Amino acid sequence: MTIELAPSILSANFARLAEDAKAALEGGGTVLHVDVMDGHFVPNITIGPLVVAALRKALPNAILDCHLMIENPDNYIPAFVEAGASWISVHQEACVHLHRTLQLIASHGCKPGVVLNPAHGCKPGVVLNPATPVHMVDEVLDMVHHLLIMSVNPGFGAQKFIPGALQKIKTLVEVRESLGLSFRIEIDGGVALDTVGDIVRAGAELLVAGNAVFGKGDIRENAKKLLGAARAATLTRA
Ligand code: DX5
Ligand code: ZN
């Protein structure tokens with residue numbers, strides 16, 4: 001299992017976004033998590049395709065993991081693809097026709113035989129809020145590149161980790177195994193030095209972290225420490 005850190009720019013200094021993002025990648029982050037909020041699906045407004053396009057220009061090879069916390073995502077998916085998103089995830093709770101939405105994202109993916117920068121060519125993901133059972137997405141698990149478990153209620157950074165997410169990760173690991181699938185399991189919310197051990201031992205591989213990376217202190221060091229703690233935890237038993 002490859003553990004990867006996905007620094008969430010939500011907690012970065014937006015006035016020097018590219019520099020902060022670069023620092024997080026230099027500290028060992030391999031995926032840049034981009035939180036898109038519309039003030040309707042979640043009670044906060046953040047950024048849109050323009051910022052994704054600016055990040056893509058500043059970081060041509062970065063994997064941009066766009067987490068859409070918006071209503072009617074189908075209306076905006078093409079704009080995020082155009083802006084340079086690498087991965088696009090949508091909330092199960094926001095999609096009446098989730099299967100169709102995932103097809104839409106995948107339709108923008110890499111075409112066989114076409115060599116693209118691996119950071120480009122959209123990969124679909126689905127996200128579950130803390131109150132949504134894992135089995136709500138059973139029928140689309142074979143369509144997703146990653147399954148994102150929210151371990152806080154979406155909308156804000158620096159919230160407290162909800163421990164019920166651990167059981168959801170464990171259930172997903174079992175379901176993935178029983179179905180012979182290979183989607184990756186991502187966790188988002190409250191990932192920090194004191195929670196990352198349990199998270200990784202439960203089976204999450206993609207660790208989104210905002211406050212723990214950008215909150216205070218040196219961004220590179222924070223990322224390095226968190227990733228180190230996560231990797232060390234894979235060596236110990238749950
Ligand atoms: C919350 C966002 C998260 C957020 C996590 O709605 O989806 O990505 O940045 O922040 P931390 O790591 O600070 O809990
Ligand atoms: Zn997020």
Side-chain angles (χ1 to χ4, degrees), residues 3-14 17 20-21 23-25 27-48 51-52 55 62-71 73 76 80 85-94 123-132 144-166 168-169 184-200 204-217 219 222-223 225-227 229-230:
I3 305 291
E4 288 191 71
L5 179 65
S8 167
I9 60 163
L10 185 62
S11 293
N13 180 343
F14 277 30
L17 187 51
D20 275 16
L25 296 174
T30 39
V31 171
L32 217 49
H33 187 80
V34 180
D35 286 310
V36 177
M37 306 187 189
D38 66 353
H40 294 278
F41 180 68
V42 288
N44 197 4
I45 301 176
T46 54
I47 61 177
V51 174
V52 174
L55 276 173
I63 293 177
L64 301 179
D65 170 25
C66 297
H67 172 193
L68 305 191
M69 286 161 273
I70 62 176
E71 287 179 2
Y76 301 95
F80 281 99
S86 314
W87 305 351
I88 295 183
S89 57
V90 292
H91 272 258
Q92 183 275 336
E93 304 85 3
K123 298 201 167 122
V126 69
V127 194
L128 296 175
N129 274 337
T132 308
V144 298
H145 165 264
H146 55 289
L147 201 308
L148 173 50
I149 299 287
M150 289 308 301
S151 39
V152 296
N153 285 296
F156 302 94
Q159 300 183 77
K160 205 172 165 309
F161 183 80
I162 299 172
L166 295 174
K168 289 168 86 172
I169 297 170
R184 304 189 70 195
I185 302 174
E186 186 173 27
I187 184 95
D188 186 2
V191 177
L193 286 173
D194 60 338
T195 54
V196 78
D198 287 341
I199 290 168
V200 161
E205 306 131 273
L206 289 164
L207 311 170
V208 176
N211 189 50
V213 172
F214 298 103
K216 57 175 188 299
I219 296 169
N222 293 341
K225 253 199 211 153
L226 188 59
L227 192 57

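Just follow the structure's listing: the first ligand is 1, and inside any ligand the first atom is 1. Values in this document were obtained by computation on a predicted structure and should not be read as measured data.
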Student: Going by atom types only, do Asp35 and Ser8 share a side-chain donor-acceptor pair under 3.5 Å?
Tutor: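 Their side chains do contain a donor-acceptor pair, which is all the 3.5 Å distance test asks for.
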
Student: Can any side-chain N or O of Ser86 pair as donor or acceptor with the backbone N or O of Asp65 at less than 3.5 Å?
Tutor: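 No.
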
Student: Parallel, tilted or perpendicular for His91 and His67, by the 30°/60° rule?
Tutor: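 If you compare the ring of His91 with that of His67, the planes turn out parallel.
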
Student: Can you tell me the N, O or S atom of Asp188 that's nearest the Zn ion (ligand 2)?
Tutor: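 It is OD2, the N, O or S atom of Asp188 closest to the Zn ion (ligand 2).
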
Student: Test of geometry: compute the angle OD1(Asp35)-the Zn ion (ligand 2)-ND1(His67) and round it to 10°.
Tutor: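 Asp35 OD1 and His67 ND1 form an angle of 90° at the Zn ion (ligand 2).
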
Student: Are Phe14 and Val51 close enough that some pair of their side-chain heavy atoms sits under 4.5 Å apart?
Tutor: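 When only atoms from C-beta onward are counted, Val51 and Phe14 do not touch, as no gap falls below 4.5 Å.
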
Student: Quick one: closest heavy-atom pair of Phe156 and Leu10, and the distance?
Tutor: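 In this case the closest contact between Phe156 and Leu10 is C-CD2, 4.1 Å.
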
Student: Apply side-chain contact (heavy atoms from CB on, under 4.5 Å) to the pair Leu148 and Leu206, showing each step before the final yes or no.
Tutor: CA-CA 9 Å; Leu148 173 50; Leu206 289 164; over 6 Å; no

Student: Could you list each N/O atom of ligand 1 together with any protein N/O atom closer than 3.5 Å, one pair per line with the distance?
Tutor:
| unit_1 | atom_1 | unit_2 | atom_2 | d |
| --- | --- | --- | --- | --- |
| ligand 1 | 6 (O) | Gly155 | N | 2.7 |
| ligand 1 | 7 (O) | Asp35 | OD1 | 3.0 |
| ligand 1 | 7 (O) | His67 | ND1 | 3.3 |
| ligand 1 | 7 (O) | Asp188 | OD2 | 2.9 |
| ligand 1 | 8 (O) | His33 | NE2 | 3.4 |
| ligand 1 | 8 (O) | Asp35 | OD1 | 3.1 |
| ligand 1 | 8 (O) | Asp35 | OD2 | 2.7 |
| ligand 1 | 8 (O) | Asp188 | OD1 | 2.7 |
| ligand 1 | 8 (O) | Asp188 | OD2 | 3.0 |
| ligand 1 | 9 (O) | Ser8 | OG | 2.7 |
| ligand 1 | 9 (O) | Asp35 | OD2 | 3.1 |
| ligand 1 | 12 (O) | Gly210 | N | 2.8 |
| ligand 1 | 13 (O) | Ala158 | N | 2.8 |
| ligand 1 | 13 (O) | Asn211 | N | 2.9 |
| ligand 1 | 14 (O) | Gly190 | N | 2.8 |

Student: Evaluate the side-chain contact (heavy atoms from CB on, under 4.5 Å) criterion for residues Phe161 and Leu166: first the C-alpha distance (whole Å), next the side-chain angles of each, then the deciding distance (0.1 Å), finally the verdict.
Tutor: CA-CA 10 Å; Phe161 183 80; Leu166 295 174; 3.9 Å; yes

